[in-house]
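Here the structure is a predicted model, which is why all the values come from computation and not from measurement.
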Amino acid sequence: MLSLKSKYRTHTCGELNAANVGETVTLSGWVHRKRDHGSLLFVDLRDNYGVTQIVFDGGNEALEKVHPESVIQITGTVVARDADQVNDKITTGEIEIQAKEWRVLTASAPLPFQVFGDDDISEELRYKYRFLDLRREKLHKTILIRNKMMKWLRDKMWELGFSEFQTPILTADSPEGARCFLVPSRLHHGKFYALPQAPQMFKQLLQVSGFDRYFQIAPCFRDEDLRSDRLLEFYQLDLEMSFVDQRDVQAVGEAIMPDLVRAFAPDANVYPEIPHISFDDAMLKYGSDKPDLRNPILISDVSEIFRGSDFGIFANAVENGSVVRAVPAPNTADKPRSWFDKLGEYATKELELGGLGYIVFAEEAKGPVAKKLDAERIAKLREIAGDNSSLFFICDEEEKAAKAAGKLRNKLGADLGLVNPRDFAFCWVDNFPFFEPDEDRGGAPKFTHNPFSYPVIDSIEELSTRDPFTIKAAQFDMVLNGLEICSGGLRNYNPEIMKKCFDIAGYPIEAVEKNFSALYTAFQYGAPPHGGCAFGIDRLVSEITGFGDSVRDTVAFPANQRGQDLLMGSPNEVTEQQLRDVHIKIRAKN
RNA sequence: GGGGUGUUAGCUCAGCUGGUUUAGAGCGUCUGCCUGUCACGCAGAAGGUCGAGGGUUCGAGCCCCUUACAUCCCGCCA
């Protein structure tokens, strides 16, 4: 490594220890904290590498006036601390510097918020003074971990035999999916570039170009509303491979992800197995296409138990095509009535359900639902719930019931403390349906995932003969602790199959040729079967570091939830001349 | 586009059912004291258009309406 020594310092603030006692050293850094004892003054000096305590003997009025976060340089002697004065919270805690000389390199004004400590500060203020926020210990560390993870991932991909590519940032709008950010063209009147939602078409073109194994840590842009887990611009570890089957692509994820967690969260308990769960199973048992496997609760379908029962609401609903899903809550039989009432309120307000029925399985099965059911039905339900537990029922149209049950499962897992945050459970969700009904087009089929997916079929004839809704996609997600961290699949590289799929989804062949012309044309000239996936880096950093709930805390300069950068002032207005250059006139607001 | 929550000192917050002179606390800032602190301590001071506007009331930080901003969620993000 390059020496960190310079005219400003002989050492960093994180490296001196008992072995350096007696040396004369020069340090530069930020005034982290001052403790003024009159004729004795302590300064904690901080830089990227750590904190060192500096001691000033005798009165020092000039230094007393220096604000925290000023940058100073000090020269002094390393002295050992007495045993009872050692500070084991810092790496340099065995020693301190007896200051001889010091000077202010740059002074700091009084701060809008403290860098020292871990006070909660509003995001607005933090983003406005992001350079100060980034000095704060936790965020500073997270950003450094992110750096290391990027290198780790990059090294790993090279090790696995992938080649690294760059693809255009100024590209063309793609018609599917999210809105693209648009960039006006000066040279081409009335035309626009678009920022890539992902380098999807480029990476497929690189496969057609014969590069075999592609990867890139790629910035992605989607002009959609933000959430705490969605960034304005985010990064994916994007990869694509030729001559592979689905399991070959997944093998890459299995080779990378568990080791990544182990490398950056040493206290993590990584589950040894990465199970494959079908989409249908995930929706039934976990009520989600991204199940958190750390939560032991499993959802059951109990429609048949309620069919024909005296519990009229459910029995009638089941006759009319609804389903009943049961969510067990272990060891809750002794919970007070208020606990159940609160969950009922959650169900009606958050889950927008009509209500939340439940049975408590103590010695007897208790609750209003239980009274309406005969002994045989109760026995079946008790088997699902287990003794000393309660069982919640959600009755609705299938998809809504499944999702609501999934949310209840997550809430119960969290409320009952069933999920250990240092556990890391991966799984694959696969066998996604290829088409789903499009409500806007009277239930006609539309693509469920992206239109580049390959259908799971044995012959092209099946596309004409089978009910489209029974066709599965060679498409999968990797899920970590209930977060979708990767999505991928095999690509539709065959122009005939591609045409047929678009036809089923209601696109004329001209639309394929127009909207996907690059790929469609490329596929006319010999395309290798290929597939790939992309990992969401920001979410991975967030989950592995366990820092905060917001993925924004994994990025040095994030935009706020409204997509603004409060420090740089983006987005901002431009001059009339700049608008004229790109042939744009601002319309009145609708 | 819709919904929840919030907006009181530089920061983080408290402020009860509308009525105690001058709206409080901790941190920060400023002044003074302090030789072993490491969240130093002690004493004191400054600092407020209670987001903005309107209304109800004898009386509003508190109730109502409008509005701005923030944050979280739904829609959206294949």
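Distance noted for atom P between B/rA70 and B/rC33: 46 Å (whole Å). For the P atoms, the distance from B/rG15 to B/rC62 is 14 Å, rounded to whole Å. Remark: the separation of the C1' atoms in B/rG61 and B/rU8 is 7 Å, to the nearest Å. Between B/rC11 and B/rG48, the distance separating the two P atoms is 13 Å to the nearest Å. If you take atom P in B/rG28 and the same atom in B/rU12, they sit 15 Å apart, rounded to whole Å. One P atom belongs to B/rC58, the other to B/rC42, and the distance between them is 49 Å to the nearest Å. Taking atom P in both B/rU31 and B/rG24, the straight-line distance is 25 Å, to the nearest Å. For the P atoms, the distance linking B/rG10 with B/rU49 amounts to 7 Å, nearest Å.
Atom-to-atom, CG of A/L226 to P of B/rG75 comes out at 15 Å; the value is rounded to the nearest Å. Per the geometry, CD belonging to A/Q561 stands 11 Å off P belonging to B/rC74, to the nearest Å. Atom CG in A/D120 sits about 15 Å away from atom C1' in B/rC72, given to the nearest Å. At whole-Å resolution of the value, CZ in A/R227 and P in B/rG4 are 16 Å apart. The distance from atom CD1 of A/I121 to atom P of B/rG6 is 21 Å, rounded to the nearest whole Å. Atom P of nucleotide B/rG75 and atom CZ of A/R179 are separated by 14 Å, given to the nearest angstrom. One can place CG of A/D553 at 14 Å from C1' of B/rU71, the figure rounded to the nearest angstrom. Residue A/E124 contributes atom CD, which lies 16 Å from atom P of B/rA68 at whole-angstrom precision.
When each of A/K100, A/E96, A/Q98 is tested with A/T77 by the rule side-chain hydrogen bond (donor to acceptor under 3.5 Å, both in side chains), just one qualifies, namely A/K100.
Checking the phosphate oxygens (OP1, OP2) of B/rU12, a side-chain nitrogen or oxygen of A/S122 falls inside 4.0 Å. A close approach under 4.0 Å does not occur between any side-chain nitrogen or oxygen of A/R230 and OP1 or OP2 of B/rC73.
Residues A/P219 and A/I169 approach most closely at CG-CD1, 3.8 Å, considering heavy atoms. Taking all atoms of both residues into account, the shortest heavy-atom contact from A/F113 to A/I121 is CB-CD1, 3.7 Å.
Contact annotation for A/S487: no contact, since no heavy-atom pair falls under 4.0 Å across all strands. Residue contacts for A/L125: at a heavy-atom cut-off of 4.0 Å it reaches the sugar-phosphate backbone alone, with no base atom in range. Residue A/T448 is in sugar-phosphate contact alone, with no base atom involved, counting any heavy-atom pair closer than 4.0 Å across all strands shown. A/R562 comes within contact range of the sugar-phosphate backbone alone, with a heavy-atom separation under 4.0 Å but no base atom that close. Residue A/E123 is classed as a sugar-phosphate contact, given heavy-atom separations below 4.0 Å to backbone atoms only.
Here A/D238 pairs with A/K203 in a salt bridge; the nearest charged N to carboxylate O distance falls below 4.0 Å. Using a cutoff of 4.0 Å between basic side-chain nitrogens and carboxylate oxygens, A/E123 and A/R130 are not scored as salt-bridged.
Comparing B/rU12, B/rA70, B/rC72 against the side chain of A/Q564 picks out B/rA70 as the nearest.
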- Task: Quick one, give me the B/S/- string for nucleotides 27-42 of chain B, reading 5' to 3', where B means a protein heavy atom under 4.0 Å from the base and S means that only happens at the primed atoms, P, OP1 or OP2.
- Result: SSSSS--BBBBBSB--
- Message: Pair A/F452, A/F516 - check ring pair (Phe, Tyr, Trp, His ring centres under 6.0 Å), show working.
- Response: CA-CA 10 Å; A/F452 308 101; A/F516 303 98; 5.5 Å; yes
- Trace of the salt bridge (Lys or Arg N to Asp or Glu O under 4.0 Å) decision for A/K472 with A/D430: CA-CA 9 Å; A/K472 302 297 183 188; A/D430 36 37; over 6 Å; no
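Ring orientation note: the planes of A/H276 and A/W428 are close to parallel, at an angle under 30° on the 30°/60° scale. Note on ring orientation: taking the six-membered ring where Trp is involved, the planes of A/F502 and A/Y507 are perpendicular (angle over 60°, cut-offs 30° and 60°).
Consecutive Watson-Crick or G-U pairs involving RNA chain B, each under 3.5 Å on both distances, make up stems of three or more pairs at B:1-7 with B:68-74, B:10-13 with B:24-27, B:29-33 with B:41-45, B:51-55 with B:63-67.
Where A/N560 and A/R222 meet RNA chain B, the nucleotide closest to each residue was compared, and A/N560 sits on the side nearer the 5' end. Both A/E436 and A/D225 lie close to RNA chain B; mapped to their nearest nucleotides by heavy-atom distance, the more 5′-ward contact belongs to A/D225.
A/H140 places none of its side-chain heavy atoms less than 4.5 Å from the side chain of A/V115.
Under the 3.5 Å distance criterion, with hydrogens and angles disregarded, no donor-acceptor pair is assigned to the side chains of A/Y454 and A/N494.
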